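Because the structure is predicted, anything quoted here is derived from the model rather than measured.
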Amino acid sequence: MCDQTFLAITFGPCDNCSQNKPLMNIYLKNEPINYCSLCVELMACQGLAKGETTNTLKAESESLKAKLEEERAKLHDVELHQVAEKIDALGQFVMKTRRTLKGHGNKVLCMDWCRDKRRIVSSSQDGKVIVWDAYTTNKEHAVTMPCTWVMACAYAPSGCAVACGGLDNKCSVYPLSLDKNENLAAKKKSVAMHTNYLSSCSFTNSDMQILTSSGDGTCALWDVESGQLLQSFHGHSADVLSLDLAPSETGNTFVSGGCDKKANVWDMRSGQNVQSFETHESDINNVKYYPSGDAFATGSDDATCRLYDLRADREVAIYSKDSIIFGASSVDFSLSGRLLFAGYNDYTINVWDVLKGTRVAILFGHENRVSTVRVSPDGTAFCSGSWDNTLRIWA
Amino acid sequence: MTINTLSQDGVQRQQMPCLTKMERMIISMQDPDMGIKLRNQRLLITVIPHAMTGLDIVEWLIKKCSISDEEALHVGQLFVKYGYIYPLKEPRNLILKADDSSYRFQTPYYWMSTRWPASELDYAIYLAKKNIRKQGELIEYEKECYNALHKRINHTWDFVVMQAREQLRASKQRRKGDRIVLECQEQAYWLVNRPPVSPEHYKLTTLTKNTIIEHNRISLARNRVKSSICLESYVKYCEQYQPHDPIMQGCLPSNPWITDDIMFWNMNSETVALPTKLRVERWSFSFMELLNDQMGRKEFLTYLEKEFSAENLCFWQACEDVRHGETAKIPEKVDEVYKQFLAPGASRWVNIDSKTMEKTLEGLKRPHRFVLDDAQMHIYFLMKKDSYPRYLKSELYKNLLARAIVPQETKKSVFPFMRRQRHSSPSPALATQTAEDDGKAKYSNSNSGTASRL
């Protein structure tokens with residue numbers, strides 16, 4: 001350290017409680033002493049109730065985990081970038097902002113595309129959910145939610161309704177009416193009820209069922225008409241932040257990622273956790289399936305995106321770079337699966353070559369965190385939403 | 001990222017893992033051999049040691065991470081924003097300028113990871129020090145914060161004032177240069193941080209240890225596939241779909257978002273008379289691609305009718321409707337399916353093996369969403385293995401492929417800066433409202449004359 005003028009002990013045993021913690025230098029009776037921040041607060045308030053923390057030891061599950069890793073490693077005979085050596089590298093990559101959608105009064109938290117490939121729904125911190133025709137940048141519908149921080153929104157497959165939710169712990173479905181005089185909030189259907197914030201929601205193949213994930217650590221499948229809980233999924237030990245439905249033939253599984261650093265694959269029929277992956281070093285913010293359904297990508301606070309293969313049952317690629325320090329909030333694949341678009345908390349979007357593992361381009365433009373990135377259904381463009389209150393369409 | 005600061009077993013979660021990464025970089029920046037060269041900087045009449053210029057920082061980042069100017073400036077900005085580097089000339093302006101403006105590294109004592117969250121007590125002591133040292137030195141918002149804190153943590157005020165006095169007295173005994181540096185550091189720290197409100201609460205929770213162990217045992221027993229096989233499949237998939245990926249290879253006639261011309265969408269709509277070649281080719285990639293395209297499904301149905309096996313596709317569609325439809329209508333839908341497809345002597349009887357048929361009929365006594373799953377899967381795989389490959393070899397498919405359009409690339413506009421008018425399209429909400437009024441079925445129509453509603 002070059003700052004020779006002020007050498008303070010910043011970490012070590014507290015003079016009061018003797019625990020190893022970050023220390024503060026304070027003066028007591030003209031003498032400098034080192035207390036941890038908790039002891040300082042205690043001393044100042046003289047009477048703050050001190051809680052206790054507990055740590056559970058998982059010795060048996062640790063050894064099982066080690067064995068599991070061993071088994072996985074046995075079949076790992078080649079790395080992805082080695083297989084990708086024979087493919088041509090991608091050329092110069094040019095993507096520009098083609099549309100900027102302005103209209104939200106606060107941070108944009110989530111967005112989804114309509115199947116007609118041009119309409120989108122977006123939700124923001126101020127409680128507003130707006131349906132846009134992104135091509136013309138016209139706003140078509142607006143709904144004001146009774147809560148702020150609408151963290152999840154989804155477009156129904158038919159294009160006739162949108163679902164949204166957030167800090168109200170619910171997921172509500174609003175049928176979209178073209179009658180200008182009709183208040184959309186009047187026909188709202190309250191579908192899901194969780195015990196903590198709603199982090200993500202998605203319609204299954206029809207307008208009739210919704211899959212939700214929540215800060216209470218569970219995911220759930222709901223019937224829209226009756227609001228009935230069809231299946232619940234327990235297995236995460238912390239908030240679940242994101243989910244994605246598998247594009248498989250049998251259409252029965254989905255993947256979820258959460259703050260316990262795990263990505264879990266679930267069977268929708270039985271509610272069982274079928275597969276689990278835990279290699280990230282921090283919260284998983286977003287999960288997305290590879291277009292073939294055989295793999296999925298995750299974006300995490302540890303500033304990496306990773307690719308997990310379901311058949312090999314392991315992580316097969318890490319997308320990271322020294323200069324990328326901030327977490328990835330959202331990821332999505334291009335139509336062919338060759339490109340991975342990832343939005344980061346340092347306001348940029350990085351484009352990765354999925355097969356070679358290299359970064360193809362970095363896109364600047366947003367003036368605050370990028371909170372959501374989604375590729376359009378026909379792959380012609382992708383949309384990014386940000387805490388700078390705007391959405392951008394890139395192509 | 002989540003609002004919850006504790007994990008389930010009551011341990012404080014690591015906040016902001018980006019800080020660890022930033023600190024690693026900051027430390028390597030200060031490496032005596034490979035780091036940034038530091039020099040003394042004159043500030044008014046005092047000399048501040050170990051300072052560097054903004055340009056030094058940007059250049060070091062470019063060399064170390066092999067990135068562009070723009071990205072290096074961007075990363076450097078983040079260091080200033082989070083308080084790891086602070087400017088000397090204009091301390092309140094927390095930005096990085098790639099010129100000869102001076103910056104210093106913040107001491108680890110004041111790093112965000114060491115002192116986060118910045119406590120109210122600290123802030124109160126800092127403001128009290130400023131107030132005592134020179135009357136009127138607190139600026140507007142600081143005065144407001146000071147008053148608010150005085151109200152909020154009034155019970156600690158004796159301690160606050162005592163500490164402020166002690167720290168001022170201790171600092172007077174330091175050398176002037178040191179004192180200025182310390183003041184700069186402290187000021188930079190408080191400019192970056194805003195003290196949040198809450199003290200820490202701890203609570204106890206338990207982990208379900210047994211389910212984790214059980215889960216790991218099941219995972220051990222799973223069948224896995226070799227990496228080489230899995231990874232090769234990605235390469236094949238990407239290669240196969242690359243011509244269909246507009247971002248990778250462009251699309252004909254043109255990408256609507258770039259040229260403001262919606263021909264591409266019009267030519268690929270569901271109701272177009274003649275499809276494009278790429279679209280028809282895509283049906284041959286997998287059975288799911290064929291079924292996911294409404295036009296493909298219709299074509300396939302036409303083919304199956306010629307083969308007298310159209311009831312298979314209709315059955316599959318009916319099962320999908322049960323699986324994804326309203327819960328309340330399941331019993332009646334299942335009943336319809338039974339009458340049309342499964343009952344002995346039914347008009348559109350489907351050929352399922354006896355074991356599956358038995359199991360399904362048994363399940364029909366208590367109909368639920370997934371009761372038809374086994375039968376549906378059986379028919380699906382039957383079509384996939386038998387009818388689908390034959391369809392791809394059939395005259396019907398080959399003719400369509402031959403007739404399919406390859407769109408011309410849109411000629412570049414003579415006046416490229418003139419924006420084309422962007423036409424709006426009818427909202428899907430409107431389209432289905434009229435459809436519901438007509439009482440049409442939710443899935444695609446069949447061409448045969450038999451009843452299409454289920």
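Counting non-hydrogen atoms of neighbouring residues, nucleotides and ligands closer than 6.0 angstrom, the NZ atom of B/K226 reaches no more than 12 such neighbours. Atom CG of B/D31 is surrounded by more than 12 heavy atoms from other residues, nucleotides or ligands within 6.0 Å.
Of the atoms belonging to A/E70, not a single heavy atom falls under 4.5 Å from chain B. For B/I258, the parts lying under 4.5 angstrom from a heavy atom of chain A are both the backbone and the side chain. Both the backbone and the side chain of A/T380 come within contact range of chain B, judged by heavy atoms closer than 4.5 Å. Heavy atoms of A/L80 lying under 4.5 Å from chain B belong to its backbone as well as its side chain. For a residue to count as touching a neighbouring chain, one of its non-hydrogen atoms must lie under 4.5 Å from one of that chain's; by this rule A/F203 does not touch chain B. In this structure, the portion of B/W265 lying under 4.5 Å from any heavy atom of chain A is its side chain and not its backbone. When heavy atoms are compared at a cutoff of 4.5 Å, B/H74 approaches chain A solely by way of its side chain, counted from C-beta outward. Proximity to chain A (any heavy atom under 4.5 Å) is restricted, for B/L78, to the side chain, taken from C-beta onward.
Using modelled atom types, one finds a donor on one side chain and an acceptor on the other under 3.5 Å when comparing B/S425 with A/R119.
Contact record, A/A295 with A/D309: CB-CA, 4.1 Å, taken as the closest heavy-atom pair.
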